[in-house]
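Naming: A, B, ... by sequence-line order, numbering from 1 per chain. Note: hydrogens, waters and symmetry copies are ignored here, and every other heavy atom, side chains too, is used.
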There are 2 protein chains.
Amino acid sequence: MVTEKKFYTESQQKMALYAKAMAHPVRIFILDFLADNIGKCCYSGDMAEELPIARSTLSEHLKELKKAGLIQGEINPPYIKYCINKVNWEEAKELFQCFYERK
Amino acid sequence: MVTEKKFYTESQQKMALYAKAMAHPVRIFILDFLADNIGKCCYSGDMAEELPIARSTLSEHLKELKKAGLIQGEINPPYIKYCINKVNWEEAKELFQCFYERK
DNA sequence: ACTTTGTTTCGTTATTCTACGAAATACTAA
DNA sequence: TTAGTATTTCGTAGAATAACGAAACAAAGT
């Protein structure tokens, strides 16, 4: 295995990942929805009613956000209650803040 | 023409566009580079030397950032001097800040 | 055991993204 | 006019994304 030069910092890579997760209006909508309803139960179906997309498509977007760590899902059959992942949300917040304020 | 319901707010759409522009480590690198060198001349070639990608690929990334409005290029043949687009940078900063702080 | 319910996964298709090298561009210098 | 320089555009190819409906799942109720 060849030693590989690191071109991008950890921060740069994380920023890119969080940004990628946020790079679609449906996903921003979902994050807005969850962030505005902290404490409440947010089911996939609740959001599906407000969006002009198939439920399966919504599910894929939820999967993307989960993959990036911005949200998490608590299984409560047959429902799944979604909410913001606070730890990673804070991390993303810090990253974007430092990035835009050049700290 | 049929009247279409608006599902996403202006902010949600703008956020998604800025996030999309930032959704690649090379582009975060470029933004970091330009933001750290405000006032100085930043040419495509300067960045090309620090990145493990073809110059044409870098050029495409620069085009993406220009399209999103985060950077601008001032032609100074045969060079092109790049810099942050301050107006849109501020807008993106505000958007991300309000988003993550739920203001 | 069967049905219902909310949600996800699968299979598919169309589109967009990322990357490269070669060729084109646009201006300067000789 | 020709050569040189920095950068972009083009043509192409492979990978990733987004969308849908149908089918699968997993637990609860009948």
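Ion pairing between a basic and an acidic side chain is recognised when a charged N comes within 4.0 Å of a carboxylate O; A:Glu64 and A:Arg27 show no such pairing.
Within the 4.0 Å cut-off from OP1 or OP2 of D:dC20, not a single side-chain nitrogen or oxygen of A:Arg55 is found. A close approach under 4.0 Å does occur between a side-chain nitrogen or oxygen of B:Lys20 and OP1 or OP2 of C:dC17. Applying the 4.0 Å criterion to OP1 and OP2 of D:dT17, one finds that A:His61 has every side-chain N and O outside that range. Contact check, B:Ser56 against C:dC20: no side-chain N or O comes under 4.0 Å of OP1 or OP2.
Atom NE2 in A:His24 sits roughly 14 Å away from atom C1' in C:dC17 (whole-Å rounding). Across the protein-nucleic acid pair, B:Tyr79 atom OH and C:dT25 atom P stand 22 Å apart, rounded to whole Å. As rounded to whole Å, 10 Å separates atom C1' of C:dT7 from atom CG of A:Leu62. Look at CG on A:Leu17: it is 14 Å from P on D:dA16, rounded to the nearest Å. A straight line from CD of B:Glu60 to C1' of D:dG11 spans 11 Å, rounded to a whole angstrom. What separates CD1 of B:Ile80 from C1' of C:dC27 is a distance of 11 Å, to the nearest Å. Residue B:Arg27 contributes atom CZ, which lies 15 Å from atom P of C:dT16 at whole-angstrom precision. Between the CG atom of A:Leu51 and the C1' atom of D:dA18 there is a distance of 14 Å, given to the nearest Å.
For the pair A:Arg102 and A:Tyr100, the cation-pi criterion (under 6.0 Å, within 45° of the ring axis) is not fulfilled.
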Assess the residue pair A:Tyr82 and A:Tyr43 against the criterion (ring pair (Phe, Tyr, Trp, His ring centres under 6.0 Å)); give the C-alpha distance rounded to whole Å, side-chain angles, the decisive distance to 0.1 Å, and a yes or no.
CA-CA 6 Å; A:Tyr82 281 102; A:Tyr43 304 116; 8.9 Å; no
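Here the side chain of A:Tyr43 is nearest to one of D:dT8, C:dT7, D:dA22, namely C:dT7. You'll find that the side chain of B:Ser59 is closest to D:dT8, out of C:dC10, D:dT8, D:dA18. Closest to the side chain of A:Lys63, out of D:dT7, C:dT9, C:dT7, is C:dT9. Each of C:dC20, D:dA18, D:dA22 was ranked by its minimum atom distance to the side chain of B:Ala54; first place goes to C:dC20.
Residue B:Glu64 is classed as having no contact, given no heavy-atom separation below 4.0 Å to the nucleic acid. Residue contacts for A:Ile53: at a heavy-atom cut-off of 4.0 Å it reaches the sugar-phosphate backbone alone, with no base atom in range.
Minimum heavy-atom separation, B:Gln72 to B:Ile84: NE2-O, 3.7 Å. The minimum heavy-atom distance linking B:Met15 with A:Met22 is given by the pair CE-CE, 3.5 Å.
Applying the 3.5 Å distance criterion, the base of C:dG6 shares no donor-acceptor pair with the side chain of A:Ser44.
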